[in-house]
Amino acid sequence: QNQNSDRQKPITVEADGVTYKDITQTSLFTGKVILTQGSMMIQADQMETVTDPEGYQFATASMTNKSGMVKFSQKREGSNEIIKAQANKLIYDGKQNIIVLSDRAQMQRFSPNGKLIDQINGDELVYNQLTEVFESHTLAGVPGRTRVVITPASKTN
Amino acid sequence: MDKQPLKTTFSRWRYWTRFHLPNLIYLLILIVVAAGSYWWIKKDSETEKPAKEHHPELADAFTSGMQINRTGKNGAVEYVVTAKEVVHFGDKNAELKEVTVAATPIGQPTSTARADTATWSDETHVIDLKGHVVMNRLATPETAPLELTTEAMTIGLYSNIASSDDAFVLTRGQHDSVKGRRFSYDYASRDLMMGGNTGERISAVLQNIKNDPTK
């Protein structure tokens, strides 16, 4: 595994304030919250982090004002492509190294020079940081479909 | 037969006794009551000891190697305060040196705060700690130990809140830490509020154990 990969790096969180509940080991960060881990960045209005008994970190990011979206971005290892995603809610699972985006979720992949390669929309998108694979799920009872836009590689690439 | 009209003569004496004498009697009664009560108070105050001269700036007691166990409403020990030196002043404040304040809330791990100096106010039941303030919460089976360092912190013995407006560093276990300004820690609920309206950001570092190189 690439030693310099994002997952080897500590998670840093910046915010205006935080309430830490020592008994449940949960922290609620509020006010322009920015979580970074290597090249991965999550931005939201508030974020609750939990440490499970084994020491794995979990984070749930959401927006307090309905107009904004939780934003996620990360550089893909080895290819320098950029993954950008957004949704109303984002869950980071440090144990399985997956990111779950739900409620108006959208993922975009950009080439190193910033060109949009493909885009996927869905009710729920699950991004596996280990395999770098995105899955799109439709939620039961939620009218919606998955829409994928794949840009054909141009001759110059 | 015509009635002879009543011949009235105006008697100054009768007028005075009718209209002025009662007022004079009232006045005399009041004077007697006033004099009596004055005498009564004067008698009492003479027997009182002279009040102690009040010099808040002067130390009126001192000790060394002090330990005070402070109990809560239920009688259980809530705080254990120790100090190497204590000087008490007439304005109800005590100045402590090399201080520890151990909070022992029921059902919760002990949290001990240490500092170079402290001021303990009898009036507000608050201990103001200053200089290398370090507060440790012992580890529990579920949680790693907690340590909080700052330069000044206030402990409310009645409110059970330790708070500060200073910069602080919080560490949990070996890796996780939070830096910022201003915090408020509730000994009973163990909730710790940090930052907020200070114009400075809170910065936290969390280690995901999966990526812990030492594991």
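Protein chains get the first letters and strands the later ones, always in sequence-line order, with residue 1 at the start of each. Only a predicted model underlies this, so the values are computations on that prediction, with no experimental measurement involved.
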Using the side-chain hydrogen bond (donor to acceptor under 3.5 Å, both in side chains) rule, collect all pairs that involve residues 153-170 of chain B, keeping only residues at least two apart or in two chains. B/Tyr79-B/Asn160, B/Asp128-B/Thr154, B/Asp165-B/Arg182
Between A/Thr51 and A/Gln57, does any side-chain donor sit less than 3.5 Å from a side-chain acceptor? yes
Regarding A/Lys115 and the six-membered ring of A/Phe110, is the cationic atom NZ or CZ under 6.0 Å from the ring centre and inside 45° of its axis? no
Identify which of B/Arg137, B/Met193, B/Lys179, B/Arg172 forms the greatest number of heavy-atom pairs closer than 4.5 Å to chain A. B/Arg172
With chain B, which of A/Ile34, A/Leu28, A/Asp22 has the greatest number of heavy-atom pairs at distances under 4.5 Å? A/Asp22
Counting only non-hydrogen atoms closer than 4.5 Å, does A/Phe58 touch chain B with its backbone (N, CA, C, O), its side chain (CB onward), both, or neither? neither
Short side-chain to backbone donor-acceptor contact, B/Thr104 and B/Glu78, under 3.5 Å: yes
Are A/Glu14 and A/Lys32 ion-paired here, with the side-chain N under 4.0 Å from a carboxylate O? no
Could you tell me which portion of B/Tyr185 (side chain, backbone, both or neither) has an atom closer than 4.5 angstrom to a non-hydrogen atom of chain A? side chain
Would you say A/Gln74 and A/Gln37 are linked by a side-chain donor-acceptor pair, where the criterion is simply a distance under 3.5 Å? no
Considering heavy atoms only, which positions within residues 139-150 of chain B lie below 4.5 Å of chain A? B/Thr143, B/Leu146
Check A/Arg109 with A/Asp118, please: is the shortest side-chain N to carboxylate O separation under 4.0 Å? yes
Is it the side chain or the backbone of B/Asp176 that comes within 4.5 Å of chain A heavy atoms, both, or neither? side chain
Does any heavy atom of chain B fall under 4.5 Å from the side chain of A/Thr24, the backbone, both, or neither of them? neither
Any donor-acceptor N or O pair under 3.5 Å, side chains B/Ser177, B/Thr171: no
A/Thr49 portion near chain B, given a 4.5 angstrom heavy-atom threshold: side chain
B/Ser189 portion near chain A, given a 4.5 angstrom heavy-atom threshold: backbone
Measure from the side-chain N and O atoms of A/Gln86 to the backbone N and O of A/Gln106, and report whether any donor-acceptor pair falls under 3.5 Å. no
Heavy atoms from other residues, nucleotides or ligands near NE2 of B/His132 exceed 12 (cutoff 6.0 Å): no
Most heavy-atom pairs under 4.5 angstrom with chain A, which of B/Leu170, B/Asp186, B/Leu192? B/Leu192
Under a 4.5 Å heavy-atom cut-off, does chain A meet the side chain of B/Glu200, its backbone, both or neither? backbone
Salt-bridge test for B/Arg201 and A/Asp16: reply yes if a basic N is under 4.0 Å from a carboxylate O, no otherwise. yes
